[in-house]
Amino acid sequence: MQMITLITTKPSTSISGFFVGLLMRFADAVGVSPVSRRLEDLFSDTIRIHDAMIRRVCLGYAVNPQDLEDLYQDVLVNIWRGLPSFREESTVRTWVYRITLNTCVSTLRTRGRFPSQASLDDVILVPDDSQEKLDAVKDLYECIATLNPIDKAIVMMWLDEYSYEEIAETVGLKRNNVATRLHRAKERLRENLFKRNI
């Protein structure tokens, strides 16, 4: 399956850099723990490498652009808090995905609402893609947003080319359950996309 890369209209590196710096200054100021250079570097590298994936997951759960930024900030805080206890029992990519997913689901559950449709107003395709592809991606994300939180996570991870084993580890299901749920979710998406194009 050919992947279509999404980017945000705002330059994510400057936003990420701002929050990385803010978190480090906050940790120093309140004395939560001594901030080692190694931990700062690890945090900066982790965000730089996984920024696009974090934003894609947040986008899938955001109701509006403000929600997107709020979820993104919450994820960064949780990654910062979790880094000292990361035991490398999974890959960094899987660990970051799990934190991002859990943060989005728990934040929206706390607010007592899940969006029925994701907002894609702040998202564009890379410049060489056509408006037709942009519309197709927008339709796909809007259909994905109608899935329940677990199926949404499974589909989004599958689109990010995670293996069934990695998806199962992240969402806490067995591999066969992931395969079954993914198959059913793809069928629902196919039906919804077909109805949109009639």
Side-chain angles (χ1 to χ4, degrees), residues 3-10 12-13 15-16 18-20 22-23 43 46-83 85-86 89-124 137-164 166-173 177-178 181-182 184-186 188-189 192:
M3 296 299 296
I4 299 173
T5 305
L6 295 173
I7 58 173
T8 59
T9 53
K10 300 172 188 170
S12 59
T13 52
I15 293 173
S16 301
F18 170 76
F19 288 117
V20 168
L22 185 65
L23 283 170
F43 180 71
T46 300
I47 300 307
R48 179 180 47 78
I49 292 166
H50 302 289
D51 185 65
M53 179 267 290
I54 294 169
R55 287 186 171 277
R56 276 194 306 274
V57 175
C58 291
L59 175 67
Y61 289 88
V63 176
N64 55 51
Q66 184 58 48
D67 269 354
L68 177 61
E69 288 308 315
D70 290 347
L71 288 172
Y72 180 78
Q73 291 174 40
D74 291 345
V75 169
L76 292 187
V77 168
N78 288 336
I79 290 171
W80 173 255
R81 287 180 179 158
L83 265 179
S85 60
F86 176 57
E89 293 172 356
S90 62
T91 65
V92 174
R93 179 179 180 226
T94 300
W95 180 77
V96 168
Y97 207 108
R98 185 181 301 132
I99 287 180
T100 305
L101 182 63
N102 289 341
T103 300
C104 291
V105 170
S106 63
T107 299
L108 293 173
R109 186 176 289 141
T110 301
R111 294 178 190 167
R113 64 188 165 96
F114 280 98
S116 58
Q117 177 176 317
S119 171
L120 296 178
D121 294 338
D122 283 356
V123 174
I124 60 170
V137 170
K138 184 173 180 179
D139 284 348
L140 176 62
Y141 267 78
E142 287 175 353
C143 288
I144 290 171
T146 65
L147 298 172
N148 69 54
I150 296 293
D151 289 346
K152 183 187 302 185
I154 290 170
V155 169
M156 291 173 70
M157 290 186 77
W158 177 74
L159 288 172
D160 278 337
E161 299 181 341
Y162 279 80
S163 69
Y164 283 17
E166 290 173 310
I167 297 171
E169 179 187 345
T170 302
V171 298
L173 296 173
N177 291 350
V178 166
R181 291 184 81 136
L182 180 59
R184 291 177 183 159
K186 288 195 288 188
R188 283 196 299 274
L189 290 173
N192 289 341

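What you see below is based on every heavy atom in this structure, not just the backbone, and it leaves out hydrogens, waters and symmetry mates.
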Problem set entry | Residue pair N102 / N78, side-chain heavy-atom distance below 4.5 Å | no

Problem set entry | Taking every non-hydrogen atom, the tightest pair across E89 and E169 | O-OE2, 4.2 Å

Exercise. Roughly how far apart are I167 CD1 and T94 OG1, rounded to 0.5 Å?
Worked result: 10.0 Å

Problem set entry | Closest heavy-atom pair and its distance - L68, R55 | CD1-O, 4.0 Å

For this session: Taking the side chain as every heavy atom from C-beta outward, state whether L189 and L147 have any pair of such atoms under 4.5 Å apart.
Result: yes

Problem set entry | side chain to side chain contact (heavy atoms under 4.5 Å, CB included) between V92 and F86, worked out | CA-CA 9 Å; V92 174; F86 176 57; 3.7 Å; yes

For this session: For residues T107 and D70, determine if any side-chain heavy atom of one lies less than 4.5 Å from a side-chain heavy atom of the other.
Result: no

For this session: May I ask you to decide if D51's main-chain N or O and Y72's side chain share a donor-acceptor pair within less than 3.5 Å?
Result: no

Exercise. Would a 4.5 Å heavy-atom cut-off, applied to side chains only, mark I54 and I47 as touching?
Worked result: yes

Exercise. Tell me, do I49 and V96 make a side-chain contact under 4.5 Å, heavy atoms counted?
Worked result: no

Exercise. Quick one: ring pair (Phe, Tyr, Trp, His ring centres under 6.0 Å) partners of Y162, sequence neighbours excluded?
Worked result: Y97

Problem set entry | Check: E142 and T146 side chains under 4.5 Å, non-hydrogen atoms | no

Exercise. Which atoms form the tightest heavy-atom contact between M156 and R56, and what is the distance?
Worked result: CE-O, 3.2 Å

Problem set entry | Heavy-atom pair of closest approach, residues A153 and Y61 | N-OH, 3.7 Å

Exercise. Do I99 and W95 come within less than 4.5 Å of each other through their side chains, counting heavy atoms only?
Worked result: yes

Exercise. If you round to the nearest 0.5 Å, how far is CG of D160 from CD of E166?
Worked result: 10.5 Å

Exercise. Under 4.5 Å between any side-chain heavy atoms of R188 and D151, yes or no?
Worked result: yes

Exercise. Between G60 and K152, what is the shortest heavy-atom contact and its length?
Worked result: O-NZ, 3.2 Å

For this session: Report the C-alpha distance between V57 and V75 in whole Å, list the side-chain angles of each, state the deciding distance to 0.1 Å, and finish with yes or no for side chain to side chain contact (heavy atoms under 4.5 Å, CB included).
Result: CA-CA 10 Å; V57 175; V75 169; over 6 Å; no

For this session: Just jot down the salt bridge (Lys or Arg N to Asp or Glu O under 4.0 Å) partners of D74, sequence neighbours excluded, or say none.
Result: none

Problem set entry | side-chain contact (heavy atoms from CB on, under 4.5 Å), paired with I154, selected from N177, N148, L173, T170 | L173

For this session: Nearest 0.5 Å please: distance from the CG atom of L71 over to the OG1 atom of T100.
Result: 10.0 Å

For this session: Give the minimum heavy-atom separation between V155 and A185, together with the two atoms involved.
Result: CG2-CB, 3.6 Å

